[in-house]
**Q** 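I am attaching a structure below and will ask some questions about it afterwards.
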There are 2 protein chains.
Amino acid sequence: MWVTFPTFQKNMTLNKDTFTGEYQYSLDSKGRVNIPAKFRQALSKKNQNTFVATRGQDPCVWIYPLTEWKKIEDELRNLSSVSGIHRTFIRQIARSATPSTCDKQGRITLSPSLISFSQIDKNALIIGMINKIEIWNPETLKTVDEKNMIEDSIELNSLADKIVI
Amino acid sequence: MWVTFPTFQKNMTLNKDTFTGEYQYSLDSKGRVNIPAKFRQALSKKNQNTFVATRGQDPCVWIYPLTEWKKIEDELRNLSSVSGIHRTFIRQIARSATPSTCDKQGRITLSPSLISFSQIDKNALIIGMINKIEIWNPETLKTVDEKNMIEDSIELNSLADKIVI
DNA sequence: AAGATAGTGGTGAATTGTGGGTAACTTTCC
DNA sequence: GGAAAGTTACCCACAATTCACCACTATCTT
């Protein structure tokens with residue numbers, strides 16, 4: 001039995017703007033963290049060194065490449081702000097969103113409010129989350145993930161069944 | 001219950017991109033493992049030498065050829081991250097996923113976190129799992145399989161009834 | 001038996017991550 | 001309005017790691 005596969009498109013690399021992997025870096029005294037070189041390369045050429053940092057839904061920092069952030073911006077724009085909860089939601093995301101560019105060594109500077117929100121002191125754990133980047137205090141991450149896994153283990157298993165192949 | 005596989009003549013053709021068989025290789029001091037030549041040949045030409053390694057559902061390393069991984073990646077990308085458990089799930093998979101291309105000798109490098117997760121030290125047992133590749137510490141595999149076979153022997157038999165012809 | 005292919009180990013060059021220093025710009029206070 | 005202090009951004013240099021390549025040995029094939 002033969003199965004013929006379609007020939008592959010030219011660009012059979014990982015999607016651009018796809019972030020995976022974890023990296024342990026340090027936050028220096030000036031509030032700078034390194035962005036992993038792999039992530040910098042993952043970005044499409046044009047906006048190579050511009051990100052938008054904002055507070056995550058979890059107590060961590062979310063970093064979007066400009067293209068992804070634009071999508072979010074559009075969605076927020078379309079969200080009517082008649083209801084109070086909508087306004088609060090928009091406020092949450094918008095108020096702390098700060099565009100920031102990598103310096104020549106590939107670092108970005110986190111604003112003091114993001115640092116205190118995410119409680120990152122010295123060690124910064126950077127995680128690729130497919131379309132965005134998360135920066136965590138490692139301790140915090142552990143407790144959050146453990147809590148979720150215990151409380152929602154059933155949901156977690158069903159997700160794994162559905163998606164992992 | 002044992003199933004014996006036919007030895008393959010030169011051009012005996014399994015489906016392309018189908019991995020079977022087991023191989024005993026070694027993990028060197030730099031975290032490199034060889035990918036069996038058969039597996040490399042099994043891949044369609046274009047993306048021959050890029051894989052994505054990630055942590056398995058068992059304590060082993062899973063290695064996907066790029067085409068298979070992209071399916072997972074797309075699922076993850078479409079998963080809304082409004083709920084905490086979704087984010088935890090994405091994180092689990094994405095944080096350990098490392099794209100890696102074979103070097104000229106046909107090896108890929110495993111990240112330290114994957115090595116410690118799978119507890120592979122020197123001997124690496126590589127198993128073809130149809131659409132992906134597993135890398136095990138041989139000791140670990142033995143205990144895991146034995147445990148499963150004892151606990152779920154009924155399920156195992158019914159699976160065998162259903163599938164083996 | 002000889003050539004080809006496959007697997008293992010090591011080395012050197014290039015890249016990456018970290019700390020610090022200096023210049024420019026802002027803010028504040030006199 | 002001007003000077004001083006503080007803040008921000010940019011740049012340089014060193015250390016550590018990574019990656020690409022080379023060479024050797026073992027195994028398989030003809």
Side-chain angles (χ1 to χ4, degrees), chain A residues 13-14 19-43 45 48-53 63 98-116 120-128 133 135-136 138, chain B residues 7-12 19-43 45 48-53 63 96-116 120-128 133 135-136 138:
Chain A
T13 55
L14 274 187
F19 307 108
T20 63
E22 70 180 325
Y23 303 84
Q24 181 93 45
Y25 291 142
S26 60
L27 186 77
D28 70 13
S29 56
K30 294 182 199 170
R32 298 175 298 188
V33 250
N34 197 36
I35 298 293
K38 288 241 174 74
F39 289 179
R40 278 176 265 146
Q41 289 159 3
L43 293 172
K45 291 280 154 54
Q48 200 160 23
N49 51 2
T50 303
F51 297 89
V52 177
I63 296 188
T98 50
S100 104
T101 63
C102 286
D103 65 17
K104 254 193 180 164
Q105 281 67 255
R107 293 169 294 192
I108 61 170
T109 306
L110 298 180
S111 71
S113 78
L114 280 178
I115 292 176
S116 78
I120 298 169
D121 50 354
K122 177 65 185 165
N123 296 324
L125 185 62
I126 301 188
I127 298 183
I133 301 166
I135 308 182
W136 285 84
Chain B
T7 46
F8 301 112
Q9 299 97 340
K10 193 166 166 207
N11 267 333
M12 167 88 175
F19 307 111
T20 62
E22 72 174 355
Y23 303 83
Q24 181 90 45
Y25 291 140
S26 62
L27 185 78
D28 72 14
S29 56
K30 291 188 215 158
R32 296 177 297 190
V33 250
N34 198 34
I35 298 294
K38 284 244 173 72
F39 289 180
R40 276 178 267 146
Q41 288 156 4
L43 292 172
K45 292 283 156 50
Q48 200 161 23
N49 51 1
T50 301
F51 296 88
V52 178
I63 297 189
S96 59
T98 49
S100 159
T101 63
C102 287
D103 64 15
K104 262 193 178 159
Q105 282 67 251
R107 294 169 294 190
I108 62 169
T109 305
L110 299 181
S111 71
S113 74
L114 280 178
I115 293 175
S116 78
I120 299 170
D121 50 354
K122 178 65 185 166
N123 296 324
L125 184 62
I126 301 189
I127 299 182
I133 302 165
I135 307 184
W136 285 84

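Small disclaimer: the values here were computed from a predicted structure and weren't measured. Each chain gets a letter, A, B and so on, in the order its sequence line appears, and its residues count up from 1.
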**Q** Please report, rounded to the nearest Å, how far the P atom of dT18(D) is from the CD1 atom of Ile108(B).
**A**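 It works out to 16 Å between those atoms.
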**Q** What nitrogen or oxygen pairs link the protein and nucleotides 24-26 of chain C at under 3.5 Å?
**A**
none

**Q** Could you give the angle between the helix axes at the two ends of the helix from dA1(C)-dT30(D) to dC30(C)-dG1(D), with five pairs per end, rounded to 10 degrees?
**A**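 It works out to 30° between the end axes.
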**Q** Atom OG1 of Thr101(B) and atom CD1 of Ile108(B): how far apart are they, to the nearest 0.5 Å?
**A**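 Here the rounded value is 9.5 Å.
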**Q** First locate atom CG of Leu110(B), then atom CG of Leu27(B), and finally report the distance between them rounded to the nearest 0.5 Å.
**A**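 Atom-to-atom, Leu110(B):CG and Leu27(B):CG are 6.0 Å apart.
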**Q** So how far is it from Glu22(A) CD to Ser113(B) OG, rounded to the nearest 0.5 Å?
**A**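 Taking CD in Glu22(A) and OG in Ser113(B), the distance rounds to 5.0 Å.
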**Q** So, using salt bridge (Lys or Arg N to Asp or Glu O under 4.0 Å) as the criterion, who are the partners of Asp121(B) when residues are at least two apart?
**A**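 Residues passing salt bridge (Lys or Arg N to Asp or Glu O under 4.0 Å) with Asp121(B): none at all.
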**Q** Indicate every side-chain donor-acceptor pair of residues 30-37 of chain A with a distance under 3.5 Å to a residue at least two apart or in another chain.
**A**
residue: Arg32(A); atom: NE; partner: Asp28(A); partner atom: OD2; Å: 2.7
residue: Arg32(A); atom: NH2; partner: Asp28(A); partner atom: OD2; Å: 2.9

**Q** With sequence neighbours excluded, tell me which residues meet side chain to side chain contact (heavy atoms under 4.5 Å, CB included) with Ser96(B).
**A**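 Ser96(B) satisfies side chain to side chain contact (heavy atoms under 4.5 Å, CB included) with Thr54(B), Arg55(B), Leu114(B) once adjacent residues are dropped.
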**Q** Please report the shortest heavy-atom distance between Asn123(A) and Ile120(A), naming the atom on each side.
**A**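 Taking Asn123(A) first and Ile120(A) second, the nearest heavy atoms are O-CG2, 3.6 Å.
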**Q** Quick check: closest heavy atoms across Phe39(A) and Ile126(A), and the distance to 0.1 Å?
**A**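 Taking every non-hydrogen atom into account, CE1-CG2, 3.9 Å.
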**Q** Using a cut-off of 4.0 Å between protein heavy atoms and nucleotide atoms, how would you tag nucleotides 5-15 of chain C 5' to 3' with B, S and -?
**A** -SSBBBB----
**Q** Lys38(B) versus Tyr23(B): any side-chain heavy-atom pair under 4.5 Å?
**A**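 Lys38(B) reaches Tyr23(B) side chain to side chain.
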**Q** Would you say Thr98(B)'s side chain and Ser111(B)'s backbone share a donor-acceptor pair under 3.5 angstrom?
**A**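 No, the answer is negative, given that no donor and acceptor are paired below the 3.5 Å cut-off.
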